Each structure stands twice: as structure tokens, then as C-alpha cells.
Amino acid sequence: MGRLRVPVDSYSYVHGLKACIAASASHVPASALVCEIHAHAIRRCYGLHTHVATTLIDCYAKLGIISYAESVFAAMPERNVVSWTAMIGCYAKNERPGDAIMLFQEMMASDEDLVPNSITIVSILHACAGVNALGQGKLLHAYILRRGFDSLVSVLNALMAMYMKCGCLEAGRHIFNSIGHRKDVVSWNTLISGYGMHGFGHEAVQVFEEMTQMGVLPSIITFISVLGACSHAGLVDEGKRLFESMVDYNVTPRAEHYACMVDLLGRAGHLDEAVELIQSMHIRPSPQVWGSLLGACRIHRHVEYAEMACSQLFDLEPRNAGNYVLLADIYARAKLHSEVGVLKDLLEEHALEKVPGCSWIEVKKKLHMFVSVDNKNPQVEELQALIGEFVTQMKNDGYVPDTGVVLYDIEEEEKEKILLGHSEKLAVAFGLINTGRGEVVRITKNLRLCEDCHSVTKFISKFAEREIIVRDVNRFHHFRDGASVKCMSPASAADRKTPYTSQILMESISVATLREGALKEEHGERLQKFALQQLLHKPLHLEPEITHGKIQMAVQYFNYKGVDFTFLFKLHQ
DNA sequence: CTAGGGTTAG
């Protein structure tokens, strides 16, 4: 078009940019293509055109170049819901859920009348799931009900995933059931993976059977989910049977499925069989496949296969520090200290850094983050002291700190100190201090839960009489009464008492009411009007420091004033 | 004739 001097317009840019992302066959990397068109658009003064800029944000989001997306977003003179959603989605899909939530709150607080739509909601739900922000997620649930978005299967699927990733299996199941006959493959997949990540392997397989019996064709993702579920639950034979049944459903196993199988076999200790499977593959084993093998080698302390996996991995993904760390860990536990040293030198040589351990906890709808060996947070000393007390108790019970997980070459005592500073321990301590007795402590962690934290948290659950749920990168750990248990959280048991949607709505009514401020008699009428208006339109505000007592007061107030809000329940059930 | 979304994985 340029050569022929055909004039371009915003449409040209939008389509051109989208094509860049799709152009996987091109010799030029997609990012270079996008930048080229971006530059062109800037020269023609189209760089900040609302549609063009929004497309640019999305392109950079898909390429993982967050800073470019941010620059475009910041420079836009006019931003609408779609632009905000694109930017929120950028954070959400690039593993920065905290920023996504913050941006969403900023959007809700802005003076412009930006009304989130179903796509905004889906994006932000995804972010809530990412950081275990259950309180935030419930507010969104209320919003969904008020806006009638619960008629959209895509929204319900995202909501279901949010609940399950926040540890509320029961609520997730409830949503699933409420979808009725409109369930699509994604709904089924979400339920299967939800059961899987909680260790409910049999239930996941059962759902799979139910799904196929109803004539729903399982997808590639269905098999990843159900095989993953078998792996978490140690269902080796079941997994093998499902893997072999894939051809019956016209699904050819991909590298991802092999990765699941290698994980399943390896975790169960069938390392030879896992290696045989890799060697029998008709496609090139992906880094994930070798990674599964390496992970299994760490559990079963198998040096030889670990080296075999790493000889491939160091070649395939030389910049992934995790692989070096895992192998170093395996060497360290096998007391091969010189090999550990070699790996550390390698890490330094390539200027690679371990991903810092990081944990989140949501308290009163506010998110708190902890980094391992955090010196900035003023509360850390207090938290560490608390953990230290538990550890002293534990040592009397015969506990020995598992300093094997610390790879630094330092004194035992120093190693123990580092263990005390692990982010999940800090988060657990913070949770104990800042939530009431009987409340469940929910933690999210960006890496795997280390063995020491596992045993310490287990002990704390008993000693502090608290249920603690830790979600790490790939599964849930429920701790109750000194044991690692497979169970539903009591929070979801409480949810069962009231029909879920009613309860959620009730909560949100109170939230809407309280936003206006005091519950004074003379404000009554204005308050009512405001609350109802909020219910029907833009009610969500995000940092309401609401105590349970205040909520009850609000509900009582409504009853007292004789406001009939039952029609709202009927509307949505 | 334009823009943004849900399920998976060591």
C-alpha cells in the first residue's frame, strides 16, 4: 500500500497489527513487525488513535513487552473501557495480576464514567484467581449478578475458575451446576482442573466420564487437565488408560500430554518407564517434558536421569535459572559438592538469577505481598519472631530444619535464618496476626512450596488451631490440625448454608450501602435511593473496610426500613 | 470493513 501510495486509515493499522501477531511463519519476529507498523502509525499521527492504540496495547501484551503497552496506554488522550480492559488484560496475562487489580481499581475510581463490561470482568476475574483475591472476586460476583452477566457462559466459566483457584471448590461446583445445559467444553475443563489442583483425582476422572457420556467432545486441554489431575492424585493406571484413550477421541497427544505423563510416571517413582516414554515419542520432546523428568528426579534423588534431562534443558532453555537450581539441589542432596559449585559458576557466568520467592495474602480485601528475606517490610522482624517461636516449639517435638533446600555455602545457623525468612512463612505469620480466630489463612506462592515450609506450616496449623491453605504454582496444600489433608475448606462449608447467589447479593447490598457512609436515620431515604441505584448500575468499590458487624447492621437497617430487595434475588435465580 | 475475554502445563 505504501509503495502504491494508497492512503491508510485506522482500519489499515488495526488489521495490519493483528496480522503481525498471527504471522508465525514470517522470518521476521512478530515484535519487529509490530514496532515497524507502530512507527509508521506514529509518523502519520495515528499512534494515539483510540482503536489503533488499543490494538497496539494488545499486541505488546501478547508479545510480553509490558513496558511498551504501558507507554502507549499512558500517552493516549482518550481512553475508553476497551482500552482499559486491554491494559488490564496485559497485566493479567503477563503474570502481573496485582497490577491488573490495581489498574481496575483506578478505572473504577476515575472521574470518567467507565462502566466495566463482561470482557473487563472476565479479565479481572482471571487476575483475582492469580493472586487468590477471594474478597475482590466475591465483589465481582455480586457485580455480575447485578448486571445480569450471569447469563453469559464465558463469564461464569471465569467466575468458576476464580473460586476454585481461590480454594472454594464448592462454590465453583455451584456455579458449574448453575450453568445448566449451556455448559461448554471450557466449563467442563475448568471443573476438571479445579478438582485436579486440589488433589481430587477420582472426582476429576468422574467428571471426565460424565462429560464424554453426555456427548461433549474432550479437547486437547481436557486431556491436559485430567492427566494433570491423575498426576496430583497419583492415579498412575487411570492416567495411562486415559492417555491411551486419546486416539479414540481423535486427539493426537502433543508434547504437553507427554509432559503430563512423564510427570505422572516420574512422580510415582516409575522413572525408567518415564524415560522410555520420552524415547518413544514421535515428536521432539519439549522443554516441559524434560522439565517433568527433572522434577521427578528431584523427588526421587536420581542424579543420572537428572543429568540426562539437563543436558537437553541447558541447550533448549539456557536462560531458565530454575533448571540449574533444581540440578544443584539434586547434587547438594547427593553430597556432590563440587558439582554444585560448577552449577553456581554457570549461573553466575550466564548472569542468571533465581526467581525470588514471593507470597501473597489478602486481608480485608487488601493484598499484601512478601518477598523471601525481605528487608524493606517493617513488620518482617515481628513476623520472623513469631515463626521463630513456633520453630522452637517444633524442635522440642523433634523437628530438624530442612536446611538442604538452602543452596548457599554458609553455616547451618545462617541457613536456618534464611529458612525463617521464606516468604510463605512471613505470609502465614501475617495471616495469623491479622485475621480472626476461626478464619482460614489463604496464601498464594509463585514457586513450589519448599519441604521445610511444608512441615512448619503443618505444625502451625495445629499449634495455632488454624486451617491454612497454601496455593503454590501448581497445586493446593490444605493444612489442618497438624496434617496435610485433602478436604474442602470450612469457608465453603459455610457458603453452603445460604443459597450462594443470595448470600453474595446480600453482601454486596451492604457494601453499596456502606459506601455512602454512616447509617444514620436522617440519611435514610437518600441512602436507600443510592443503594438501589448502586445495585442496578455501578456499585463496586474496592477497599471497603467492612466488618461483619457493620454488614449485619446494614441488612438490619434495610429490613427495618422495609425495603424489599427480594425482587433482586428473584431476578437472578 | 476497526480495539479488549474464559479452560491447560514441570
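Since this is a predicted model, take the numbers as computed values, not measurements. Per chain, numbering begins at 1; letters A, B, ... match sequence-line order.
The aromatic ring centres of A:W84 and A:F104 sit 6.0 Å or more apart. A:F243 and A:F223 have their aromatic ring centers separated by at least 6.0 angstrom.
Among the atoms of the strands shown, base atoms are found under 4.0 Å from some heavy atom of A:T120. At a threshold of 4.0 angstrom between heavy atoms, the contacts of A:H126 are confined to the sugar-phosphate backbone, with no base atom among them. Nucleic acid contact for A:K183: none, since no nucleic acid atom lies under 4.0 Å from a heavy atom of the residue. A:V262 comes within contact range of no nucleotide atom at all, as no heavy-atom separation falls under 4.0 Å. At a threshold of 4.0 angstrom between heavy atoms, the contacts of A:S219 with the nucleic acid are absent. When heavy atoms are screened at a 4.0 angstrom cut-off, A:S193 is found touching the sugar-phosphate backbone but no base atom.
Remark: ring of A:Y11 overlaps the six-membered base ring of B:dC1 in a stacked fashion, centroids less than 5.5 Å apart, planes less than 30° apart.
Nearest nucleotide to the A:A158 side chain, out of B:dA3, B:dT7, B:dG6: B:dG6. Comparing B:dG6, B:dG4, B:dT8 by their nearest atom to the side chain of A:T85 picks out B:dG4. Listed nucleotides: B:dA3, B:dT8, B:dG10. Nearest to the side chain of A:K165: B:dT8. Of the listed nucleotides (B:dG6, B:dT2, B:dG4), B:dT2 has the atom at the smallest distance from the side chain of A:V14. Nearest to the side chain of A:S10, among B:dT2, B:dG4, B:dG6, sits B:dT2. Listed candidates were B:dG5, B:dG10, B:dA3. Nearest to the side chain of A:T54 is B:dA3. Relative to the side chain of A:I224, the nucleotides B:dT8, B:dG5, B:dG6 differ in distance, and B:dT8 lies closest. For A:V82, the side-chain atoms get nearest to B:dA3 when compared with the rest of B:dT8, B:dG5, B:dA3. Closest to the side chain of A:Q288, out of B:dC1, B:dG4, B:dG10, is B:dG10. Looking at the side chain of A:N320, the nearest of the listed nucleotides B:dG10, B:dT8, B:dT2 is B:dG10.
Side-chain atoms of A:Y46 and A:D9 include no donor-acceptor pair closer than 3.5 Å. Donor-acceptor pairing under 3.5 Å is recorded for the side chains of A:H38 and A:Y60. No hydrogens or angles considered: a donor-acceptor pair under 3.5 Å links the side chains of A:D184 and A:N157. In this model, no donor atom of one side chain and acceptor atom of the other lie less than 3.5 Å apart for A:D58 and A:T55.
Following rounding to the nearest Å, A:I221 (CD1) and B:dG6 (C1') show an atom-to-atom distance of 10 Å. Separating the CG atom of A:L56 from the C1' atom of B:dT2 is a distance of 13 Å, rounded to the nearest angstrom. Rounded to whole Å, atom P of B:dA9 lies 6 Å from atom NE2 of A:H232. Atom-to-atom, CG of A:L17 to C1' of B:dG4 comes out at 14 Å; the value is rounded to the nearest Å. Rounded to whole Å, atom P of B:dG6 lies 20 Å from atom CG of A:D150. Rounding to whole angstrom units, CG of residue A:D9 and P of B:dC1 are separated by 13 Å. Between the NZ atom of A:K93 and the C1' atom of B:dT7 there is a distance of 15 Å, given to the nearest Å. Here the P atom of nucleotide B:dG10 and the CG atom of A:L271 are 16 Å apart, to the nearest Å.
Counting distance only, with no hydrogens placed and no angle test, the side-chain atoms of A:N323 and the base atoms of B:dG10 include a donor-acceptor pair under 3.5 Å. Between the side chain of A:S123 and the base of B:dG5 there is no donor-acceptor pair of N/O atoms closer than 3.5 Å. Evaluation of atom-type donor-acceptor distances gives a pair under 3.5 Å for the side chain of A:N80 against the base of B:dA3.
Atom-to-atom distance recorded for A:E424:CD and A:I443:CD1 is 8.5 Å, nearest 0.5 angstrom.
Side-chain N/O atoms of A:H51 include none lying less than 4.0 angstrom from OP1 or OP2 on B:dG4. Distances shorter than 4.0 Å separate some side-chain N or O of A:K18 from OP1 or OP2 on B:dG4.
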